S.K.: 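Here it is: the structure, laid out below.
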2 protein chains.
Amino acid sequence: MELVHSLTLHLSAFVSLSDADREVLDKALRKRARILAPRQDIIREGEKPRFVNVILEGWAQRYKQLADGRRQILSFFVPGDLCDTNVFILKSMDHSLSAVTQVRLAEISQREFQEIIETSPRIAQALWWSELVTVAIQREWTTSIGQRTAYERIAHLLCEMFVRLRTIGRTQERSCEFPLTQSEIADATGLTQVHVNRTVQEMRREGLIEIRNKRLEVHDLRALMAVAMFNPNYLHLEAGGHECIAPE
Amino acid sequence: MELVHSLTLHLSAFVSLSDADREVLDKALRKRARILAPRQDIIREGEKPRFVNVILEGWAQRYKQLADGRRQILSFFVPGDLCDTNVFILKSMDHSLSAVTQVRLAEISQREFQEIIETSPRIAQALWWSELVTVAIQREWTTSIGQRTAYERIAHLLCEMFVRLRTIGRTQERSCEFPLTQSEIADATGLTQVHVNRTVQEMRREGLIEIRNKRLEVHDLRALMAVAMFNPNYLHLEAGGHECIAPE
DNA sequence: CGAAGGATTGATTAGTCTCAACGCAAGTGG
DNA sequence: CCACTTGCGTTGAGACTAATCAATCCTTCG
């Protein structure tokens, strides 16, 4: 059923799962669900982590706040993404998770998670892969913020989200959902909202992209990837049944 | 013996290991060793990862290079640190590892690694913890580069390295080894070498720190942590037998 | 002693931030 | 159903952080 699709699709970018595997995931995702309003926190820095959260619907984000209020968004989650696999070991969260849009998620307890891993080595592997990709994305963001210009950074973010959505079948030809406000893009890229605005306008003027009505239209993905110096290797999609590199 | 100390100490920040555990680690670290000259690559982006690398002596770094040559250093490794736990799953590296100073490291094969984990659940847990800390550090770096000023960023890096070295017993009262050049600090913080120079001078003028002869002298850790807004929670040292927060 | 790597300095510029409005659309309450 | 609010995008002017370019200096080391 549809609820499971996103996680299955996500993991399928790495291995193809058997029906039994799917069943196992399906069951785990049904146990404990939560619906959050936009902006609502899922878990806050300092709290004790108790579940692995799986996004079923909507976008979420990981963020960190400095003592004086400055906020850095550390990653976005889309349907199928797992937040903080195996985080149980830690005493407390060093960052927060919150909903961007309305979010439906499944909570998996430590015991359930353990069970899944022991039941299916293939899923265990896929979860490992997913975790490694999450870290790789974090590294890419560090690189982006550290080295890329504002223009390149935003372009890179757009490329990443587009490609990630494509692997879970959530893109059209050249467009996808894109519920982020310019403020959120700013907090994710280490820029100000004003500068994001000007930069996005520039990208629009140059015919690269358009963002409106919570949708992103990518007029020329090739060109966008080029200016962003986007190399999708860090998403490690090469093993799955999906395309990982650009369109034709 | 001394070779093992650093990894044992590193993991001991999370759990205390039994003599048997130590023995297991000791054995694994003895199998395959490598010595690298300063600047030498350990493994390069694009290559197939075959080992878990454990730093026994010296400092190493993880970095990423953009198509046009801009380089971002993503993290530093000090003795006891593991590079890329469980990375075997992936087809190719999305980043490179290289020696900063001369480095002695141990290579652990997939099979050996598997064995360790199966032999000792406590070590397995500790390795998980170590991996989670690595990711947490990456997130903190993203935050640092995205939100902190040059001054704060450098201060934060210094705090982090000092605290990490302290947990493996490699600090004096208020100083520690610090083999990074200003260029390397620049690549790690997303600044230019020139600006790092001026900023470090400022920190020196203000009596916070001094860097010379490959050593860092921290005159006032409290103050340094304050300006960096350094919160050590992300290092997750709370469970071990070591201090995690500031000095006296 | 010469070479090389690293640190330092100065002058100038570019990119991004800050502050302050304003516009527009959608939602809300009276 | 209209006035008000709220959130988000847009614009302008000016300030400032950090980058750039180009030397110069210092240390170390073969």
Side-chain angles (χ1 to χ4, degrees), chain A residues 37-40 59 66 68-73 98-102 144-158 178-205 209-217 227, chain B residues 37-40 59 66 68-73 98-102 144-158 178-205 209-217 227:
Chain A
R39 311 296 162 77
Q40 202 180 334
W59 286 34
L66 298 187
D68 65 356
R70 280 176 268 174
R71 182 177 78 141
Q72 177 67 41
I73 294 176
S98 75
V100 172
T101 64
Q102 192 187 74
S144 218
I145 299 177
Q147 300 300 322
R148 284 186 247 257
T149 64
Y151 194 92
E152 294 163 351
R153 259 181 251 184
I154 295 173
H156 194 277
L157 174 64
L158 300 182
F178 198 81
L180 305 180
T181 65
Q182 295 186 345
S183 255
E184 286 159 339
I185 298 176
D187 284 349
T189 52
L191 301 165
T192 57
Q193 179 261 330
V194 171
H195 198 59
V196 167
N197 179 277
R198 294 196 234 264
T199 308
V200 167
Q201 277 181 61
E202 205 183 329
M203 298 176 81
R204 186 185 307 149
R205 250 181 275 121
I209 57 134
E210 207 146 355
I211 303 176
R212 58 172 201 285
N213 297 327
K214 306 286 169 199
R215 287 197 70 79
L216 163 66
E217 181 103 13
V227 308
Chain B
R39 309 295 164 80
Q40 203 180 333
W59 286 34
L66 297 187
D68 65 356
R70 280 175 268 174
R71 182 176 78 140
Q72 177 67 40
I73 294 176
S98 75
V100 173
T101 63
Q102 191 187 74
S144 218
I145 299 176
Q147 301 300 323
R148 286 186 245 256
T149 64
Y151 195 92
E152 294 162 351
R153 259 181 253 184
I154 295 173
H156 193 277
L157 174 64
L158 300 182
F178 198 80
L180 305 180
T181 65
Q182 295 184 349
S183 256
E184 286 160 339
I185 298 176
D187 284 349
T189 52
L191 301 165
T192 57
Q193 180 260 329
V194 171
H195 198 59
V196 167
N197 179 277
R198 294 197 233 263
T199 308
V200 168
Q201 279 183 58
E202 203 184 329
M203 298 176 80
R204 185 184 308 149
R205 250 181 275 121
I209 57 136
E210 207 145 354
I211 303 177
R212 58 172 201 286
N213 298 327
K214 307 283 169 203
R215 287 198 68 79
L216 163 65
E217 180 104 13
V227 308

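In what follows, chains are A, B, ... by sequence order, proteins preceding strands, each numbered from 1. Not measured: the values here are computed from a predicted model.
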S.K.: Once you apply a heavy-atom cut-off of 4.0 Å, does B:Thr199 come out as touching a base, just sugar-phosphate, or nothing?
M.R.: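 It contacts nothing in the nucleic acid.
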
S.K.: Could you tell me, to 10°, how much the axis swings from one end of the helix from C:dC1-D:dG30 to C:dG30-D:dC1 to the other, five pairs per end?
M.R.: 40°

S.K.: Distance check needed: C:dT8 P versus B:Gln201 CD, whole Å only.
M.R.: 5 Å

S.K.: Mind checking the CD-OG1 spacing from A:Glu202 to A:Thr199? Nearest 0.5 Å is all I need.
M.R.: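 That separation rounds to 6.5 Å.
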
S.K.: Please determine whether a side-chain nitrogen or oxygen atom of B:Asn197 lies at a distance below 4.0 Å from atom OP1 or OP2 of C:dT8.
M.R.: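 Checking B:Asn197 against C:dT8: at least one side-chain N or O falls below 4.0 Å of OP1 or OP2.
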
S.K.: With side-chain hydrogen bond (donor to acceptor under 3.5 Å, both in side chains) as the test, pick out the partner of A:Gln182 among A:Asp187, A:Asn197, A:Thr192.
M.R.: A:Asn197

S.K.: Using whole Å, what does the distance between atom P of nucleotide C:dG5 and atom CD1 of B:Ile185 come to?
M.R.: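 My rounded result for the distance is 19 Å.
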
S.K.: If you check every side-chain atom of B:Thr181, which of C:dT16, C:dA7, C:dT9 has the closest atom?
M.R.: C:dA7

S.K.: Which nucleotide span of DNA chain D, 5' end to 3' end, has atoms closer than 4.0 Å to non-hydrogen atoms of chain A?
M.R.: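 Nucleotide range with atoms under 4.0 Å of chain A: D:dC8 to D:dA13.
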
S.K.: Can you tell me the distance, in whole Å, between the CZ atom of B:Arg212 and the C1' atom of C:dG5?
M.R.: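 That distance rounds to 20 Å.
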
S.K.: Please pick, from C:dA7, C:dT18, C:dG6, the nucleotide with the shortest atom-to-atom distance to any side-chain atom of B:Gln193.
M.R.: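 My answer, after comparing the listed nucleotides, is C:dA7.
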
S.K.: Is B:Arg198 close enough to C:dA11 that one of its side-chain N or O atoms is under 4.0 Å from OP1 or OP2 there?
M.R.: no

S.K.: Mind calculating the distance between CD1 (B:Ile211) and P (C:dA7) to the nearest angstrom?
M.R.: 9 Å

S.K.: Report the C-alpha distance between B:Ile145 and B:Gln72 in whole Å, list the side-chain angles of each, state the deciding distance to 0.1 Å, and finish with yes or no for side chain to side chain contact (heavy atoms under 4.5 Å, CB included).
M.R.: CA-CA 11 Å; B:Ile145 299 176; B:Gln72 177 67 40; 3.5 Å; yes

S.K.: I'd like to know if A:Glu217 pairs up with A:Arg215 as an ion pair, taking the criterion as any Lys NZ or Arg NE/NH1/NH2 lying under 4.0 Å from an Asp or Glu carboxylate oxygen.
M.R.: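 Result for this pair is no, no salt bridge flagged.
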
S.K.: Which distance, rounded to the nearest 0.5 Å, do you find between the CD of A:Glu210 and the CZ of A:Arg205?
M.R.: 12.5 Å

S.K.: Charged N to carboxylate O under 4.0 angstrom, B:Glu184 versus B:Arg39?
M.R.: yes

S.K.: Would you compute the distance between atom CZ of B:Arg198 and atom CG of B:Leu191 and round it to the nearest 0.5 angstrom?
M.R.: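 Spacing of CZ (B:Arg198) from CG (B:Leu191) equals 12.5 Å.
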
